[in-house]
Student: 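Just passing along the structure, written as structure tokens.
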Number of protein chains: 2
Amino acid sequence: MPRSHQRRAPLYHPEPEEIDLLDVLHALADPTRMTIVRTLWAEPERACGTFPVDVAPSTLSHHFKVLRESGVIRQRGEANRRLNELRREELQQRFPGVLDAILAAAAGPAGPGPVAQED
Amino acid sequence: MPRSHQRRAPLYHPEPEEIDLLDVLHALADPTRMTIVRTLWAEPERACGTFPVDVAPSTLSHHFKVLRESGVIRQRGEANRRLNELRREELQQRFPGVLDAILAAAAGPAGPGPVAQED
DNA sequence: CACCCCATTCGATGAATGTCGAACATCGCT
DNA sequence: AGCGATGTTCGACATTCATCGAATGGGGTG
């Protein structure tokens, strides 16, 4: 069969200057994706299957794709896992204060605590 | 018939504490609505028909409803016009910095200028 | 009153979206 | 090689959504 160590399709990540604000807002305007982002906010790096969300694996994969292609997270393939991290610095550079303010607001006045899913 | 100022259904506006962050983000994640909000950001009060957007009146009405019911704007019936304004202070109270950061980011590094529609 | 203006409401419609199950791919381990 | 764990891709399906045209309503003015 074809060349074996082709990392599947290289994951698309928008360049910092290509990141669209409305795409970011749209990506964050979903409960499941917000839970993912809040979890990454509290913990820098996590594999896909380790988030406190209750959806099918295929659905989860879809949400990660939306977050990645909007520029909110970065994904890299670590072995058979996939590690996710927020693109905090790049977003801060491009849209100063936006991610901070949104995540602070999502955390609520109680401050950053354990992420609870609110479906 | 004392007062002739009975305007049919009273427009629904969520209380400050009822405003949902994801609803706000969803409301802002649309080009037409973002243009409306940016225009209101630059000018405090405006009638529905005076925004630099190119959609049918019925579509415009729909967008104003989304913005109002999400808590982003307040609408009040002034005669046969309808005046719109941002709920800046209330949003600042509930989600500190969110609206400011988003609108600053939407304005771009060039600073607040004339709102240009980007469809 | 008749007319015009502004905005809303009501379908309808096509596109986008969130969800799932099944099948596939890749890696690590036995 | 075989197997299990982890994610992705591929339809499929139902819902949401942005958009429009036509009809409606309320207010002011001639």
Side-chain angles (χ1 to χ4, degrees), chain A residues 1-13 20 22-37 45-51 53-70 73-85 117-119, chain B residues 1 3-13 20 22-23 25-37 45-51 53-70 73-85 117-119:
Chain A
M1 278 306 274
R3 47 290 306 260
S4 19
H5 47 120
Q6 179 72 11
R7 273 287 186 286
R8 249 170 272 178
L11 300 172
Y12 169 74
H13 291 83
D20 185 291
L22 298 193
D23 288 344
V24 171
L25 296 180
H26 171 256
L28 296 178
D30 175 273
T32 300
R33 290 195 290 263
M34 180 56 90
T35 299
I36 291 172
V37 171
E45 206 165 58
R46 251 186 132 94
C48 291
T50 69
F51 288 82
V53 296
D54 191 25
V55 290
S58 53
T59 304
L60 200 55
S61 201
H62 161 71
H63 286 308
F64 278 114
K65 185 179 179 183
V66 173
L67 287 170
R68 174 170 46 81
E69 294 185 341
S70 69
I73 67 171
R74 182 186 312 284
Q75 290 190 295
R76 56 197 169 83
E78 174 81 18
N80 73 350
R81 287 208 179 105
R82 199 178 290 281
L83 290 184
N84 308 277
E85 59 176 342
Q117 165 94 308
E118 41 166 334
D119 259 337
Chain B
M1 50 281 298
R3 281 293 114 94
S4 58
H5 279 266
Q6 180 68 17
R7 36 196 176 277
R8 59 196 140 173
L11 300 171
Y12 170 72
H13 290 84
D20 185 291
L22 297 193
D23 288 344
L25 297 181
H26 171 257
L28 297 178
D30 175 272
T32 300
R33 290 194 291 262
M34 179 57 88
T35 299
I36 292 172
V37 172
E45 205 165 58
R46 249 186 136 89
C48 290
T50 69
F51 289 82
V53 296
D54 190 27
V55 291
S58 53
T59 304
L60 200 55
S61 201
H62 160 70
H63 286 308
F64 279 114
K65 185 178 179 185
V66 172
L67 286 170
R68 174 171 46 81
E69 294 186 341
S70 69
I73 69 172
R74 182 186 317 282
Q75 289 189 295
R76 58 196 168 85
E78 174 79 16
N80 73 351
R81 277 196 248 259
R82 198 180 289 282
L83 290 183
N84 308 277
E85 59 176 342
Q117 164 94 314
E118 39 167 337
D119 258 339

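In what follows, every heavy atom counts, from backbone to side chain, and hydrogens, waters and symmetry copies are set aside. Below, chain A is the first sequence line, B the second, and so on; all start at residue 1. Being a predicted model, the structure only gives us computed values, none of them experimental.
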Student: In this structure, how many angstroms lie between the C1' atom of dG25(D) and the CZ atom of Arg81(B), rounded?
Tutor: 18 Å
Student: Side chains of Leu22(B) and Leu25(B): does their closest heavy-atom pair fall under 4.5 Å?
Tutor: yes
Student: Step through the shown structure and confirm whether more than 12 heavy atoms of other residues, nucleotides or ligands are within 6.0 Å of CZ on Arg74(A).
Tutor: yes
Student: Separation of Leu60(B) atom CG from dT8(C) atom P, in whole Å?
Tutor: 8 Å
Student: What's the CZ-C1' distance between Arg46(A) and dG7(D), to the nearest Å?
Tutor: 17 Å
Student: How long is the span from the CD1 atom in Ile73(A) to the CZ atom in Arg33(A), to the nearest 0.5 Å?
Tutor: 10.5 Å
Student: Determine the minimum heavy-atom distance between Glu69(A) and Tyr12(A), stating which atoms define it.
Tutor: CG-CD2, 4.1 Å
Student: Taking atom CZ of Arg46(A) as the centre, does the number of heavy atoms from other residues, nucleotides or ligands within less than 6.0 Å exceed 12?
Tutor: yes
Student: Report all interatomic pairs (protein N or O, nucleotide N or O of nucleotides 16-18 of chain D) with separations under 3.5 Å.
Tutor:
{"from": "dA18(D)", "atom 1": "OP1", "to": "Arg33(B)", "atom 2": "NH1", "distance (Å)": "3.3"}
{"from": "dA18(D)", "atom 1": "OP1", "to": "Arg33(B)", "atom 2": "NH2", "distance (Å)": "2.7"}
{"from": "dA18(D)", "atom 1": "OP2", "to": "His62(B)", "atom 2": "NE2", "distance (Å)": "2.8"}

Student: From CZ of Arg68(B) over to C1' of dT8(C), roughly how many Å is that when rounded to an integer?
Tutor: 10 Å
Student: Expressed as a whole number of angstroms, how long is the span from Arg76(B):CZ to dA7(C):C1'?
Tutor: 16 Å
Student: dT8(C), OP1 or OP2 - any side-chain N/O from Gln75(B) closer than 4.0 Å?
Tutor: yes
Student: Nearest of dC20(C), dC20(D), dT9(C) to any side-chain atom of Val55(A)?
Tutor: dC20(C)
Student: Go through dG7(D), dG21(C), dT8(C) for me and flag the one nearest to the Ala56(A) side chain.
Tutor: dG21(C)
Student: For Ile36(A) versus Phe51(A), what's the shortest heavy-atom pair and its separation?
Tutor: O-CE2, 3.5 Å
Student: Can you tell me the distance, in whole Å, between the CZ atom of Arg82(A) and the P atom of dG28(C)?
Tutor: 14 Å
Student: Among dT8(D), dT8(C), dG26(D), which is the nearest nucleotide to the side chain of Asn80(B)?
Tutor: dG26(D)
Student: I need the NZ-P distance between Lys65(B) and dT19(D), as an integer number of Å.
Tutor: 16 Å
Student: Do Arg76(A) and Glu45(A) come within less than 4.5 Å of each other through their side chains, counting heavy atoms only?
Tutor: yes
Student: Is there a donor N/O on one and an acceptor N/O on the other, under 3.5 Å, for the side chain of Ser58(B) and the base of dG21(D)?
Tutor: yes
Student: Please report, rounded to the nearest Å, how far the P atom of dA16(C) is from the CG atom of Leu22(A).
Tutor: 16 Å
